[in-house]
*Asks:* 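Take this structure first; my questions come after.
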Amino acid sequence: MFRADRGARQCGTQQARQGSRTMASKKVCIVGSGNWGSAIAKIVGSNVTQLVQFDPQVAMWVFEEEVSGQKLTEIINTKHENVKYLPGHKLPLNVVAIPDVIQAAADADILIFVVPHQFIGKICDQLKGHLKRNAIGVSLIKGVDEGPNGLKLISEVIHERLGIPISVLMGANIASEVADEKFCETTIGCKDLAQGQLLKELLQTPNFRITVVQEVDTVEICGALKNVVAVGAGFCDGLGFGDNTKAAVIRLGLMEMIAFSKLFCKGSVSSTTFLESCGIADLITTCYGGRNRKVAEAFVRTGKSIEQLEKEMLNGQKLQGPQTAQELHNILKHKGLLDKFPLFMAVYQVCYEGHPIQKFIHCLQNHPEHM
C-alpha cells in the first residue's frame, strides 16, 4: 500500500511539473554528439524533465555515419546510447538525435556547441539565418582560431557568424568520468550573470558543480591552451620522465597561459580565474589524462605521425592540442612574440617542424624564471 501511494504521489508530481510548463519553456539543442557532447546530453536530458523553465525534449545534432551497417542517429533513437563515442552509457529517452543541423536547431532557445573547433565555422555558416531571434548559445569547444589581427576565440567566431550572445563552459571534465557521474567542477564564463544563472540551472547536477564568472575570454583561453601543455606532458611520459618533470611542465605551461591571456584577453585578467576549474584544475587533469597527453606519449614511443595516431587511437574523435599549437604559432609570429612562449613553440616545433623531442626538454631546462 505504501509503495502504491508513493507511486501515485510521484506520478502526480511529474504531471504537475508537465502541467506547469508554458509556451515560454526554453527549448535546448546540443550541436555535436561526440563523447563530450553525449555526456552533456545525458545531463541536460535529465535536468530538463525536472525544471519547468525548459522544454522536456532535447534535440541533439549528430553527424550522420554508419556503425555496423546502421545509421548512428537510428541507433541513438532506438537504443538510446551513442555506441561509437560514449558506449555503455544510456542517454535519456527525451534526447532525440537529428542528422540535419538546421532542423535540430530551428526551434532552439539555447544552443550548446560541442564539436571539434576546426568544424565550427562551417556549422555556423549552415545555421546562419535559421535560428530564433532571441536564441543564446554556450560553447564547450576548446580551441582558438586565427583572425586578421591575430587571435580569434571560438565564441567570437560563433557570435560574429550567428549574431547571438555566447557564453563558454570550460573545466576539468573528462567526458567518460562526467558520464559516470563522478564528482567534478566546471566554470561558466558569462558577462550577463542572469544568463549565466540560467545556464547553470540547465547544466548543474550534484556531481557536476558549476561556478559562474564574468571573465569570458580568460575562461575560454584556459580551455584552449591547456591542451598544448598536455601535449608537452605526454612528451615527458613518452620519454619516461617522472612526476617531477610533469609538474614542471604544468607550472611553466600555466605561466605561459597567464602571460598569453594578459596579452590577448579583452578586459581585465584576474589570477582568481586561473584558480577556477577552467584553469589549474583543467590543466592538471588534462596533463594526467585525456587524449592529448595519451597521443603525445605514443608519438614519442612509436615514432608515428600525430595524424596517424589520431586515426588509430581516437575512434573518430579529433585531437585539439597540436592544431592549437600551430594556430598559436601563427598568431604569435604575426605579433612578433614567438620567443616569449618557449613551451608552446617547442610543442609546435616537435609536432610540425620535425624537431627532435630533446628540443622540448631543452625548452624546460632553459625556460625563463619570470614572464
Side-chain angles (χ1 to χ4, degrees), residues 6-7 9-22 24-62 72-73 75-98 104-105 107-115 135-140 167-188 190 195-212 277:
R6 183 173 63 184
R9 286 198 301 271
Q10 289 174 337
C11 181
T13 301
Q14 186 174 8
Q15 289 174 345
R17 288 195 189 104
Q18 296 295 331
S20 63
R21 295 182 194 272
T22 68
S25 295
K26 297 186 180 298
K27 297 183 178 181
V28 181
C29 171
I30 299 171
V31 182
S33 58
N35 64 342
W36 188 209
S38 297
I40 286 296
K42 185 178 177 183
I43 289 174
V44 172
S46 176
N47 280 355
V48 297
T49 63
Q50 307 298 319
L51 301 168
V52 297
Q53 62 267 45
F54 301 107
D55 188 274
Q57 181 170 296
V58 175
M60 180 171 71
W61 173 64
V62 175
L72 184 56
T73 52
I75 295 172
I76 293 172
N77 288 333
T78 55
K79 295 184 178 179
H80 305 289
E81 179 183 351
N82 190 333
V83 296
K84 180 167 184 179
Y85 296 112
L86 196 68
H89 293 278
K90 289 295 183 181
L91 300 178
L93 303 184
N94 57 319
V95 174
V96 179
I98 301 172
D107 296 323
D109 299 286
I110 301 173
L111 295 109
I112 301 172
F113 294 92
V114 53
V115 296
I136 65 172
V138 56
S139 171
L140 281 60
S167 304
V168 299
L169 181 148
M170 306 284 156
N173 309 138
I174 293 175
S176 59
E177 295 184 12
V178 174
D180 285 335
E181 299 181 21
K182 296 176 180 177
F183 177 80
C184 67
E185 299 176 311
T186 199
T187 310
I188 287 177
C190 185
Q195 192 176 109
Q197 183 60 36
L198 177 69
L199 295 171
K200 179 175 179 176
E201 292 170 2
L202 174 64
L203 291 159
Q204 182 166 261
T205 75
N207 289 317
F208 192 65
R209 187 169 68 186
I210 295 173
T211 301
V212 180
S277 183

*Asks:* Once you round to the nearest 0.5 Å, how far does CG of Leu91 lie from OG of Ser38?
*Replies:*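 Going from CG on Leu91 over to OG on Ser38, the span is 5.5 Å.
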
*Asks:* Heavy-atom distance under 4.5 Å between the side chains of Ile43 and Val178, does that happen here?
*Replies:*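 Counting from C-beta outward, Ile43 and Val178 do come under 4.5 Å.
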
*Asks:* Do Asp180 and His89 have side chains that approach each other closer than 4.5 Å (heavy atoms only, starting at C-beta)?
*Replies:*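 Yes. Closest side-chain heavy atoms under 4.5 Å.
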
*Asks:* Donor-acceptor check, side chain of Ser277 to backbone of Ala172, threshold 3.5 angstrom: yes or no?
*Replies:*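 Yes: the side chain of Ser277 pairs with the backbone of Ala172.
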
*Asks:* Would you find a donor on one side and an acceptor on the other, under 3.5 Å apart, between the side chain of Asp109 and the backbone of Lys27?
*Replies:*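 Side chain of Asp109 to backbone of Lys27: a pair is present.
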
*Asks:* Name all pairs fulfilling the salt bridge (charged side-chain N to carboxylate O under 4.0 Å, His left out) condition that reach into residues 198-211, sequence neighbours left out, sorted by first residue then second.
*Replies:*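 Every salt bridge (charged side-chain N to carboxylate O under 4.0 Å, His left out) pair that includes a residue of residues 198-211, provided the two are not neighbours, is Glu185-Arg209.
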
*Asks:* Quick one: does Leu199's side chain get under 4.5 Å of Leu169's, heavy atoms only?
*Replies:*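 Side chain of Leu199 against side chain of Leu169, heavy atoms only: no contact under 4.5 Å found.
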
*Asks:* So, the side chain of Glu181 versus the backbone of Asn207: is there a donor-acceptor pair under 3.5 Å, distance only?
*Replies:*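 It does not hold such a pair.
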
*Asks:* Using the side chain to side chain contact (heavy atoms under 4.5 Å, CB included) rule, take Val48 and Leu202 through it: C-alpha gap first, then chi angles, then the decisive distance, then the call.
*Replies:* CA-CA 7 Å; Val48 297; Leu202 174 64; 3.7 Å; yes

*Asks:* Just wondering, do Met60 and Val31 contact through their side chains at under 4.5 Å, heavy atoms?
*Replies:*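 They are not in side-chain contact.
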
*Asks:* Any donor and acceptor pair, going by atom type alone, linking the side chain of Thr49 with main-chain N or O of Ser46 inside 3.5 Å?
*Replies:*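 Indeed, once roles are kept as given, a pair shorter than 3.5 Å links the two residues.
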
*Asks:* What closest approach, in Å, do Thr186 and Met170 show between heavy atoms, and which atom pair accounts for it?
*Replies:*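 Nearest pair, atom of Thr186 first, then Met170: OG1-O, 3.2 Å.
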
*Asks:* Taking all non-hydrogen atoms of both residues, which atom of Ala104 and which atom of Cys29 are closest, and how far apart?
*Replies:*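 Nearest pair, atom of Ala104 first, then Cys29: O-SG, 3.5 Å.
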
*Asks:* Return the CG to CD distance between Leu93 and Gln57, rounded to the nearest 0.5 Å.
*Replies:*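 Leu93 atom CG to Gln57 atom CD measures 11.5 Å (nearest 0.5 Å).
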
*Asks:* Starting at CG of Asn94, measure out to NE2 of His80 and round the result to the nearest 0.5 Å.
*Replies:*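 So the gap between those two atoms works out to 9.5 Å.
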
*Asks:* Pair Asp55, Ser25 - check side-chain hydrogen bond (donor to acceptor under 3.5 Å, both in side chains), show working.
*Replies:* CA-CA 5 Å; Asp55 188 274; Ser25 295; 6.0 Å; no

*Asks:* Do the non-hydrogen side-chain atoms of Trp61 and Ile30 ever get within less than 4.5 Å of each other?
*Replies:*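 Of all side-chain heavy-atom pairs linking Ile30 with Trp61, none is under 4.5 Å.
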
*Asks:* Which heavy atom of Gly32 sits nearest a heavy atom of Val115, and at what distance?
*Replies:*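 Nearest pair, atom of Gly32 first, then Val115: CA-CG1, 3.7 Å.
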
*Asks:* OG/Ser167 to CZ/Phe113 distance, rounded to the nearest 0.5 angstrom?
*Replies:*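 CZ of Phe113 is found 11.5 Å from OG of Ser167.
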
*Asks:* To check you understand the geometry: which heavy-atom pair defines the closest contact between Cys190 and Gly196, and what is its length?
*Replies:*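 Nearest pair, atom of Cys190 first, then Gly196: SG-N, 3.5 Å.
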
*Asks:* Rounded to the nearest 0.5 Å, how far does OG1 of Thr73 lie from CD1 of Ile98?
*Replies:*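 So the CD1 of Ile98 and the OG1 of Thr73 are separated by 9.5 Å.
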
*Asks:* Using modelled atom types and a 3.5 Å cut-off, is there a donor and acceptor pairing between side-chain atoms of Asn82 and backbone atoms of Asn35?
*Replies:*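 Checking the backbone N and O of Asn35 against the side chain of Asn82, no donor-acceptor pair under 3.5 Å is found.
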
*Asks:* For atom NZ of Lys90, is the number of surrounding heavy atoms from other residues, nucleotides or ligands below 6.0 Å larger than 12?
*Replies:*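 Yes - once you tally the heavy atoms of other residues, nucleotides and ligands closer than 6.0 Å, there are more than 12.
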
*Asks:* With the side chain counted from C-beta on, respond yes when Val44 and Phe54 share a heavy-atom pair under 4.5 Å apart, and no when they do not.
*Replies:*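 Counting from C-beta outward, Val44 and Phe54 never come under 4.5 Å.
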
*Asks:* So Ile112 and Leu203, do their side chains get closer than 4.5 Å, heavy atoms only?
*Replies:*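 Of all side-chain heavy-atom pairs linking Ile112 with Leu203, at least one is under 4.5 Å.
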
*Asks:* When you compare the side chain of Ile174 with that of Trp36, does any pair of heavy atoms fall below 4.5 Å?
*Replies:*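 No, side chains not in contact.
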
*Asks:* If you round to the nearest 0.5 Å, how far is CG of Leu72 from OG of Ser33?
*Replies:*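 Those atoms lie 6.0 Å apart.
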
